[in-house]
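Both ligands and their constituent atoms are indexed starting at 1 by order of listing. All values below were derived from every heavy atom in this structure, side-chain atoms included, with hydrogens, water molecules and symmetry-related copies excluded.
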Amino acid sequence: METILIPVDKTLDNKKKYKQAVDILTSGGVVAFPTETVYGLGALATDEQAVQKIFEAKGRPSDNPLIVHIGNKEDVSNYATGITEDAEKLMTAYWPGPLTLVFDKIPGVIASNVTPGVETVGIRMPDHPVALELLRALAGPLAAPSANRSGKPSPTEAAHVYEDLKGLIPFILDGGQTGIGVESTVLDMTTSPPTILRPGGTTQEMIEAIIGPVRAGSKSPGEQAPRSPGMKYMHYAPEAPLFVISPDTTTIREAVETLHREGKRVAIIGPDDLDVLAADWYFAVGPRNNNDAMASHLYRALRQCDLTEADIILAVETDLTGVGAAVMNRLIKAADGKRYID
Ligand code: AMP
Ligand code: MG
């Protein structure tokens, strides 16, 4: 299959391009498109065979539910019930935005393979002009996971999508680099209080400012909330083994020395100003303690490691404030729980 990559930006007349994308979607195909978090791979969420193509293109385990993307807030009631007052408040405050809300689903509307094995459906309204334009032109819901091969870091540029899915999907809308860089927060509204199933672009602090205390799922990958089946899979992983390491410069320097003595080449993912000249490759992810910058640059850095000959990757940890919770959640998964201890 030929994969067409088409740029869309404000200076171009894009009508034809959206029409092309909509034609593919309504005839049961898949299309990759940018959102404010990462690129998504969309299929019409009411079309079971189209949705099946997402799982095939990604190599995604079929028991891992997909998020349904909508173009208008009101559409949520077409697919979900039990929309509480708290949910309404969150939608008013943060939609469009990187917040997926999990509700009880209305049976028989969304294709069953979108939400395998669960009676719930995760819904969000993305905050990206291209995603919104596509959804409005389609006038239907898009089931869309991240547009990467399953297990790989999520794509934050159209080129990443092309790398992973070339020959497997027909069409990519290229809207440039995504902003937030990590996926949406998944918040289960069917529990009381609501439960964060996956930390993401909308922080716990932001949610609690609107509806008060919520339950935060375990941050360690071994004990993820069973209500979020997808959380059990290793994810975001570059090819070389990755270890999370403390931000202490001496620890990092000694780690590099030790690894070099063992004949290993080392790539480091860390803040701009880290003073470790001995690393074989260094991928900077923004100023120290700037978790927003780190979120935005992390997946690209993970992919850059795959272009090196590194035998081991050390990723410098950050604190859990704001989007730091999401960043560390992804890093711990990419590391499969491994920490470098000297
Ligand atoms: P991705 O589409 O790759 O960003 O992953 C979506 C993730 O959202 C899944 O792996 C689940 O962890 C979570 N999710 C989506 N829908 C539901 C749902 N109905 N119930 C629980 N978790 C969900
Ligand atoms: Mg994903």
| task | Would you please test Asp174 and Val8 for side-chain contact (heavy atoms from CB on, under 4.5 Å) and show each step? | result | CA-CA 6 Å; Asp174 180 354; Val8 277; 5.8 Å; no
| request: Examine Asn64 against ligand 1 and note whether any of their N/O atoms are separated by less than 3.5 Å. | output: yes
| Is the shortest side-chain N to carboxylate O distance from Lys73 to Glu88 below 4.0 Å? |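 Not counted as a salt bridge, because no side-chain N and carboxylate O are separated by less than 4.0 Å.
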| field | N, O or S atom of Ser154 closer to the Mg ion (ligand 2) than 2.8 Å | value |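 No, outside the cut-off.
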| said: Measuring from atom 14 (N) of ligand 1, which candidate in Gly122, Gly40, Pro65, Ser146 has the nearest non-hydrogen atom? | reply: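 Selected option, by shortest heavy-atom distance: Pro65.
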| query | Nearest heavy atom to atom 5 (O) of ligand 1: which of Glu119, Arg198, Glu183 does it belong to? | reply |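 Comparing heavy atoms across Glu119, Arg198, Glu183, the nearest one to atom 5 (O) of ligand 1 lies in Arg198.
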| said: Taking a cutoff of less than 4.0 Å between a non-hydrogen atom of the residue and any ligand atom, is Arg60 in contact with ligand 1? | reply: yes
| field | Pairs involving residues 293-327, ordered by first then second residue, that meet ring pair (Phe, Tyr, Trp, His ring centres under 6.0 Å) (sequence neighbours left out) | value |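 Checked against ring pair (Phe, Tyr, Trp, His ring centres under 6.0 Å) - neighbours excluded - the pairs reaching residues 293-327 are Tyr236-Tyr299.
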What are the atoms of ligand 1, with element, lying closer than 4.0 Å to any heavy atom of [X]?
{"X": "Val186", "answer": "8 (O)"}
{"X": "Thr120", "answer": "18 (C), 19 (N), 20 (N)"}
{"X": "Leu197", "answer": "21 (C), 22 (N)"}
{"X": "Val121", "answer": "19 (N)"}

| task | Indicate whether any N or O donor in one side chain lies under 3.5 Å from an N or O acceptor in the other, for Thr81 and Asp104. | result |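 Result is no, nothing qualifies.
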| message | Checking side-chain polar atoms at under 3.5 Å, does Gln52 have a donor or acceptor matched by the opposite partner on Glu56? | response | yes
| Do Ile123 and Leu41 belong to the same hydrophobic cluster, where Ile, Leu, Val, Met, Phe, Trp and Tyr are linked whenever their side-chain heavy atoms lie under 4.5 Å apart, directly or via other members? | yes
| message | Can you pull out every side-chain hydrogen bond (donor to acceptor under 3.5 Å, both in side chains) where at least one residue sits in residues 133-146? Sequence neighbours excluded, please. | response | Lys58-Ser146, Ser146-Asn148
